[in-house]
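FYI, side chains are in, hydrogens and waters are out, and symmetry mates aren't considered; it's all heavy atoms of this structure.
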Amino acid sequence: MELDPDDIFKDDEDDPDSEFYQQRESSKEFVVYLVDASPKMFSSTCPSEDGKEETHFHIAISCIAQSLKTQIINRSYDEVAICFFNTREKKNLQDLNGAFVFNVAEREYLDRPTARLIKDFDCIEESFTKDIGSQYGIVSGSRENSLYNALWIAQALLRKGSAKTADKRILLFTNEDDPFGSIKGVAKADMTRTTLQRAKDAQDLGISIELLPLSQPDEEFNVSLFYSDLIGLEGDELAQFMPSAGQKLQDMKDQLRKRMFTKRIVRRITLSIANGLSIELNTYALIRPTLPGAITWLDSVSNRPLKTERSFICADTGALMQEPAKRYQPYKNDNIMLSVEELSEIKRVSTGHLHLLGFKPLSCLKDYHNLRPSTFIFPSDKEVIGSTCIFIALLRSMVNLKRFAVAFYGSSSRPQLVALVAQDEIISAGGQVEPPGMHMIYLPYSDDVRHVEEIHSDTNAGAPRATDEQIKKAAALIKRIDLKDFSVFQFANPGLQRHYAVLQALALDEDDMPEINDETLPDEEGMARPGVVKAVEEFKLSVYGENYDEESDMGSGKASDASKKRKTAAENAAKESANYNWPDLADNGQLKDLTVTELRYYLTAHNLPVTGKKEVLISRILTHLGK
């Protein structure tokens, strides 16, 4: 199955390996929050972290509010809707009783979260009793079923979009484990049956239903009474549900301001094996660097995004060029004219998919061959039936023979060789630890590999070597300050945290700037422990001796050529930076008029990173200035 897209040459943001392309090609997520607003949600309380009693309704509202704020940062093009059930007032397209869809002006019921939606939702508790009201929607002697109505409304809202391109979810908050407990006999059985059938209809349409139960301090939520059938729990899943649900609720409350690359399909590609045999694969981005969002220029009057257009003007006549410009290549005193189509054909390297070349022993793959984060690939039978069977056979053979596959991955911007490393499934007592699949590692070209040269200042003397005693003391020090169970996910980027906190405060008109906890600062309390202090002193003693004076050594040490160059560059940057009124430029929005070199004067003078595009440099300067 050979695919050859016509638009093989795209802009940078259309590069399949770029962050912009990955985000646009990934599926959207449509979420409907269903919140139980019965009187029980307002009367039941549980202690918070600061010891105060909070109602279950307040916990649900705060979780959703925090989730909405984080969602704007994570994936601003996902869409949400909020629906309360067991309410006095009704507001929904179906005009059903006991259900109220919360919304703000200039926004559809299911739409992207906006600053106004978040701001009004934060204050909903103050006006909820007056404007919406709370009442039991399922009572004895009445055929009204507010839970059924809420599921119907949520299903109708999630008709938007296709299940192939969007993940559709319903998140249900409640503390009532038996919604039909007040009803007896045939009426209860009938309402239970119709509600479960409504949930099954939604699930058959590709909508997943997730329950976030709120337990009381003296009574745990009994999911087996009703909701286990509604969300399809049985066996071990039923026993593990409550702990996992509690963790999910805690995660919603404690979400950080960070861009998250959720495990969604990044791109669908084809692997050509041999003799016309091809299989379909899905690719997933496991880890990517997190960057602030790109700056969008707005019109100063209408506040709408600006669109950049480019026109070519004839140098001789000054007229606008109507036909597309042609390019030429000088050759032997003659200009060879080339059209855009001809250039595209010349530069076409491959079709943009994987072509298997062969196999190599795993011992041939070195650590330094991994230039950038790998991509995880997994088979799919959506377009090419049988892809999974062929992929499994290939995976097992590679694992058994300890080989990795070498393939050619042709993209429009950078065609290159890749290594496909098989990963077998790992299962522990708690479930699956590692999924089966392959990691696509991007291999370097020959000139990307640099051999390290050992250069010593004194060629006659040998390189200094540590003694056994020094090595022993260094090992003891490392053991003392070793980070147990370290993970990069334990630490949030403080620069990004502040960046998004400032954006949130500006968008929501918040008076107080949220305090950002910099988790990357040294643990002074931990470093002051007697065991650590003793290990540090013993290491210094073994290396420098008893009569070592740290301050005098720092003052008399000779600076290297590299440090002298850095110092000179910093001094020059400080002089150039002093010629600009940076706060005034920032306030008037004139930083965009400066060149990248001028912007780097400020960054170098203040010991800030100078890498990144112009928008990133401007954002870094504004953050440093506190703007």
Exercise. Work out which heavy atom in Leu354 is nearest to a heavy atom in Ala407; give both atom names and the distance.
Key: CD2-CB, 3.9 Å
Quiz item: Between Tyr442 and Val418, is any pair of side-chain heavy atoms under 4.5 Å apart?
Solution: yes
Quiz item: Under 3.5 Å, side chain of Asp518 to main-chain N/O of Thr520, donor-acceptor pair present?
Solution: yes
Quiz item: For Asp367, does the CG atom have more than 12 heavy-atom neighbours from other residues, nucleotides or ligands under 6.0 Å away?
Solution: no
Self-check item: Check: Phe30 and Ile207 side chains under 4.5 Å, non-hydrogen atoms
Solution: no
Exercise. Mind checking the CG-CZ spacing from Leu281 to Arg268? Nearest 0.5 Å is all I need.
Key: 11.5 Å
Quiz item: What pair of heavy atoms forms the shortest contact from Tyr409 to Arg267, and how long is it?
Solution: OH-NH1, 3.3 Å
Quiz item: Under 4.5 Å between any side-chain heavy atoms of Pro444 and His369, yes or no?
Solution: yes
Quiz item: What pair of heavy atoms forms the shortest contact from Pro415 to Phe408, and how long is it?
Solution: CB-CZ, 3.6 Å
Practice problem: Test salt bridge (Lys or Arg N to Asp or Glu O under 4.0 Å) on Glu79 and Lys160 and set out the steps. | Solution: CA-CA 10 Å; Glu79 300 182 11; Lys160 185 177 182 179; 2.7 Å; yes
Quiz item: Is a side-chain N or O of Arg403 found less than 3.5 angstrom from the main chain of Ser397, in a donor-acceptor match?
Solution: no
Quiz prompt | Atom pair OH/CZ of Tyr33 and Arg169 - distance to nearest 0.5 Å | solution = 7.5 Å
Quiz item: Parallel under 30°, tilted from 30 to 60°, perpendicular over 60°: which one fits the rings of His624 and Tyr602?
Solution: perpendicular
Quiz item: Which atom names give the shortest non-hydrogen contact between Gln416 and Arg372, and what distance separates them?
Solution: OE1-NH2, 3.2 Å
Quiz item: Tell me, do Ser272 and His353 make a side-chain contact under 4.5 Å, heavy atoms counted?
Solution: no
Practice problem: Kindly determine whether Lys69 and Tyr500 satisfy side-chain contact (heavy atoms from CB on, under 4.5 Å), including the steps that lead there. | Solution: CA-CA 10 Å; Lys69 294 174 184 177; Tyr500 290 123; over 6 Å; no
Quiz item: Would a 4.5 Å heavy-atom cut-off, applied to side chains only, mark Leu365 and Asn370 as touching?
Solution: no
Quiz prompt | Reported CD1-to-CD1 distance for the pair Ile279 and Ile273, which is rounded to 0.5 angstrom | solution = 4.5 Å
Quiz item: Taking C-beta and beyond as the side chain, do Thr604 and Glu576 meet within less than 4.5 Å on heavy atoms?
Solution: no
Quiz item: If you measure from CG on Leu395 to CG on Asn400, what distance do you get to the nearest 0.5 Å?
Solution: 9.0 Å
Quiz item: Could you go step by step and tell me if Met321 and Cys314 meet the side-chain contact (heavy atoms from CB on, under 4.5 Å) rule?
Solution: CA-CA 6 Å; Met321 300 292 295; Cys314 178; 3.8 Å; yes
Quiz item: Ignoring hydrogens and geometry, is there a side-chain-to-backbone donor-acceptor pair from Arg107 to Arg112 under 3.5 Å?
Solution: yes
Quiz item: When you measure from the side chain of Ser380 to the backbone N and O of Glu280, does any donor-acceptor pair fall under 3.5 Å?
Solution: no
Self-check item: Val610 side chain near Val596 side chain, heavy-atom distance below 4.5 Å
Solution: no
Exercise. Would you please test Leu271 and Ile377 for side-chain contact (heavy atoms from CB on, under 4.5 Å) and show each step?
Key: CA-CA 10 Å; Leu271 171 61; Ile377 58 178; over 6 Å; no
Quiz prompt | Distance (rounded to the nearest 0.5 Å) between Phe312 CZ and Leu320 CG | solution = 11.5 Å
Practice problem: Report the distance from atom CG of Asn282 to atom OG of Ser387, rounding to the nearest 0.5 Å. | Solution: 9.5 Å
Quiz item: Donor-acceptor pair, Lys402 side chain versus Ser363 backbone, under 3.5 Å?
Solution: no
Self-check item: Shortest non-hydrogen contact from Ala419 toward Phe404
Solution: CB-CD1, 3.7 Å
Quiz item: Is the OH atom of Tyr445 crowded by more than 12 outside heavy atoms at less than 6.0 Å?
Solution: yes
Quiz item: When you look at Lys168 and Leu205, which way does the side-chain contact (heavy atoms from CB on, under 4.5 Å) test go after all the steps?
Solution: CA-CA 9 Å; Lys168 302 181 179 183; Leu205 293 174; over 6 Å; no
Quiz item: Which heavy-atom pair separates Tyr368 from Leu371 by the least distance, and what is that distance?
Solution: O-CD2, 4.4 Å
Quiz item: What do you reckon, is NZ of Lys614 surrounded by more than 12 foreign heavy atoms closer than 6.0 Å?
Solution: yes
Self-check item: Side-chain (Glu29) to main-chain (Asp167) donor-acceptor, under 3.5 angstrom
Solution: no
Quiz item: Thr270 versus Val384: any side-chain heavy-atom pair under 4.5 Å?
Solution: no
Quiz prompt | Under 3.5 Å: donor-acceptor pair, side chain of Ser619, backbone of Glu615 | solution = no
Exercise. Count the heavy atoms belonging to other residues, nucleotides or ligands that lie under 6.0 Å from NZ of Lys592, then report whether that count exceeds 12.
Key: yes
Quiz item: Is the Phe486 ring parallel, tilted or perpendicular to the Phe491 ring (thresholds 30°, 60°)?
Solution: tilted
